[in-house]
Chemist: 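One structure follows; several queries about it will come next.
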Amino acid sequence: MFVFMTNGTYDYLASLQKKHAEQQMYLMLNPKTALLFHETEGPSIFKSGRKYEVIEAAGTMEQTGFAVMNHIPVTEEGRPVFEYRFKTRAKLIEKEPGFKAFRLLRPAAGDTYIVFTLWKNESAFLQWKESASFAQAHDKKESLDSPSAVQKIFSGPSYVSQYTLPAEEE
């Protein structure tokens with residue numbers, strides 16, 4: 001499975017989503033931009049955009065909710081370790097109230113993976129961040145053995161982007 005993402009104006013991306021209604025496409029927005037997230041086994045319908053391979057997935061994508069994308073630059077050397085840690089994770093997030101979907105996305109170009117989560121709403125996401133399962137999943141002793149391991153796995157600082165998947169206008 002692949003994910004393709006492209007940014008643009010809300011109106012343009014909404015018209016693209018409507019034109020390709022048979023596709024699994026999710027329109028997201030935040031105060032700075034709109035994003036169209038296309039999940040497919042086939043090629044993208046986008047003329048330009050970013051391509052990712054889904055290497056770990058849980059839950060079901062939906063047209064409404066609160067999406068969080070943790071963008072994590074990973075060295076070539078660190079890719080196998082990074083992916084292994086996600087494939088062997090405890091999978092506690094899936095049991096959290098308000099959880100909808102998880103995708104670990106490997107970039108087709110570049111070094112920045114995306115850890116994508118979809119929640120019922122922002123409140124559910126914030127509650128998860130305060131939970132014991134979040135603390136366990138992000139325990140630095142468990143996830144990284146030493147500062148030198150961090151240097152070998154990550155090629156730069158991570159950053160988070162958040163989006164709302166608005167309910168369709170009636």
Side-chain angles (χ1 to χ4, degrees), residues 1-74 79 82-83 85-87 89-131 133-134 137-138 158-170:
M1 171 124 26
F2 297 97
V3 165
F4 299 90
M5 290 185 238
T6 193
N7 293 86
T9 66
Y10 178 83
D11 291 337
Y12 174 73
L13 296 178
S15 70
L16 195 58
Q17 181 185 35
K18 187 175 183 178
K19 180 179 177 182
H20 298 281
E22 76 287 356
Q23 296 288 321
Q24 292 182 11
M25 298 174 66
Y26 307 93
L27 183 58
M28 306 177 192
L29 64 145
N30 67 26
K32 294 181 181 178
T33 189
L35 178 138
L36 197 53
F37 185 103
H38 179 206
E39 191 170 55
T40 182
E41 293 286 348
S44 175
I45 56 97
F46 302 149
K47 291 180 182 167
S48 65
R50 299 167 305 283
K51 178 181 179 182
Y52 299 86
E53 181 179 359
V54 178
I55 58 173
E56 188 75 15
T60 304
M61 290 293 296
E62 296 181 14
Q63 293 293 340
T64 62
F66 183 74
V68 179
M69 293 186 217
N70 192 356
H71 305 258
I72 305 172
V74 178
R79 284 178 173 227
F82 181 79
E83 291 180 16
R85 291 181 190 276
F86 272 93
K87 289 179 181 178
R89 66 190 172 85
K91 302 182 193 277
L92 298 174
I93 193 171
E94 288 95 325
K95 298 173 185 152
E96 288 296 313
F99 169 83
K100 289 186 173 191
F102 164 85
R103 303 289 187 268
L104 178 59
L105 307 176
R106 177 194 296 140
D111 67 351
T112 304
Y113 283 72
I114 295 179
V115 179
F116 174 91
T117 55
L118 181 63
W119 300 89
K120 178 180 178 182
N121 52 38
E122 185 176 12
S123 177
F125 168 69
L126 294 172
Q127 288 175 2
W128 171 68
K129 283 185 64 175
E130 298 298 320
S131 73
S133 65
F134 178 89
H138 295 86
S158 64
Y159 66 95
V160 174
S161 56
Q162 299 177 345
Y163 294 87
T164 300
L165 283 76
E168 290 185 31
E169 295 177 14
E170 310 230 348

Chemist: Would you please name every residue forming a side chain to side chain donor-acceptor pair (under 3.5 Å) with Arg79, sequence neighbours left out?
Modeler: none

Chemist: Provide the closest heavy-atom pair for Ala67 versus Leu165 in the form atom of the first, atom of the second, distance.
Modeler: CB-CD1, 3.7 Å

Chemist: Is there a side-chain contact between Val54 and Leu104 (heavy atoms, below 4.5 Å)?
Modeler: no

Chemist: Under 6.0 Å from the CZ atom of Phe86, do we count more than 12 heavy atoms belonging to anything else shown?
Modeler: yes

Chemist: Which one of Phe66, Phe37, Phe102 satisfies the ring pair (Phe, Tyr, Trp, His ring centres under 6.0 Å) criterion with Phe116?
Modeler: Phe37

Chemist: Run the numbers on Trp119 and Asn121 for side chain to side chain contact (heavy atoms under 4.5 Å, CB included), then give the verdict.
Modeler: CA-CA 5 Å; Trp119 300 89; Asn121 52 38; 5.9 Å; no

Chemist: Minimum heavy-atom separation for Pro97 to Ala124, with atom names?
Modeler: O-CB, 3.8 Å

Chemist: Please determine whether a side-chain nitrogen of the Lys or Arg among Lys120 and Glu96 lies less than 4.0 Å from a carboxylate oxygen of the Asp or Glu.
Modeler: no

Chemist: For His20 and Ile45, which heavy atoms make the closest approach, and how far apart are they?
Modeler: CD2-CD1, 3.6 Å

Chemist: Within this structure, what is the OG1-CZ distance for the pair Thr60 and Phe99, rounded to the nearest 0.5 Å?
Modeler: 8.5 Å

Chemist: According to side-chain hydrogen bond (donor to acceptor under 3.5 Å, both in side chains), does anything in residues 32-44 pair up with another residue at least two apart or in another chain? List the pairs.
Modeler: Asn7-Thr33, Gln23-His38, Glu39-Arg103

Chemist: Please report the shortest heavy-atom distance between Ala34 and Thr9, naming the atom on each side.
Modeler: CB-C, 4.1 Å

Chemist: Step through the shown structure and confirm whether more than 12 heavy atoms of other residues, nucleotides or ligands are within 6.0 Å of NZ on Lys91.
Modeler: yes

Chemist: Using a 6.0 Å cut-off, check whether atom NZ of Lys87 has over 12 heavy atoms from anything other than its own residue.
Modeler: yes

Chemist: Where do Leu36 and Met25 come nearest, in terms of heavy atoms and distance?
Modeler: CD2-CE, 3.0 Å

Chemist: Is the shortest heavy-atom distance from the side chain of Pro166 to the side chain of Thr64 under 4.5 Å?
Modeler: no

Chemist: Does any non-hydrogen side-chain atom of Tyr113 lie less than 4.5 Å from one of Ile55?
Modeler: yes

Chemist: I'd like to know if Arg106 and Glu83 make a salt bridge, using a cut-off of under 4.0 Å between side-chain N and carboxylate O.
Modeler: yes

Chemist: Applying side chain to side chain contact (heavy atoms under 4.5 Å, CB included) to Leu118 and Phe125, what does each step give before you reach the verdict?
Modeler: CA-CA 8 Å; Leu118 181 63; Phe125 168 69; over 6 Å; no

Chemist: Working to the nearest 0.5 angstrom, can you tell me the gap between Met28 CE and Tyr10 OH?
Modeler: 12.5 Å

Chemist: Taking side chain as C-beta onward, heavy atoms only, is Ile72 less than 4.5 Å from Phe82?
Modeler: yes

Chemist: Nearest 0.5 Å, what's the CZ-OG1 distance between Arg50 and Thr112?
Modeler: 11.0 Å

Chemist: Kindly indicate, with the supporting measurements, whether the criterion side-chain hydrogen bond (donor to acceptor under 3.5 Å, both in side chains) is fulfilled by Gln17 and Gln63.
Modeler: CA-CA 11 Å; Gln17 181 185 35; Gln63 293 293 340; 3.2 Å; yes

Chemist: Taking all atoms of both residues into account, what is the closest heavy-atom pair of Phe46 and Phe4, and its distance?
Modeler: CE1-O, 3.4 Å

Chemist: Do Lys51 and Phe2 form a cation-pi contact, if we require the NZ or CZ to be under 6.0 Å from the six-membered ring centre and within 45 degrees of the ring's axis?
Modeler: yes

Chemist: How long is the span from the OG1 atom in Thr6 to the CG atom in Leu13, to the nearest 0.5 Å?
Modeler: 6.5 Å

Chemist: Is a donor on one side and an acceptor on the other found under 3.5 Å between the side chain of Asn30 and the backbone of Gln162?
Modeler: yes

Chemist: With rounding to the nearest 0.5 Å, note down the distance linking OG in Ser161 to CD1 in Ile114.
Modeler: 6.5 Å

Chemist: As an exercise, state the distance from CG of Leu35 to OH of Tyr163, rounded to the nearest 0.5 Å.
Modeler: 4.5 Å

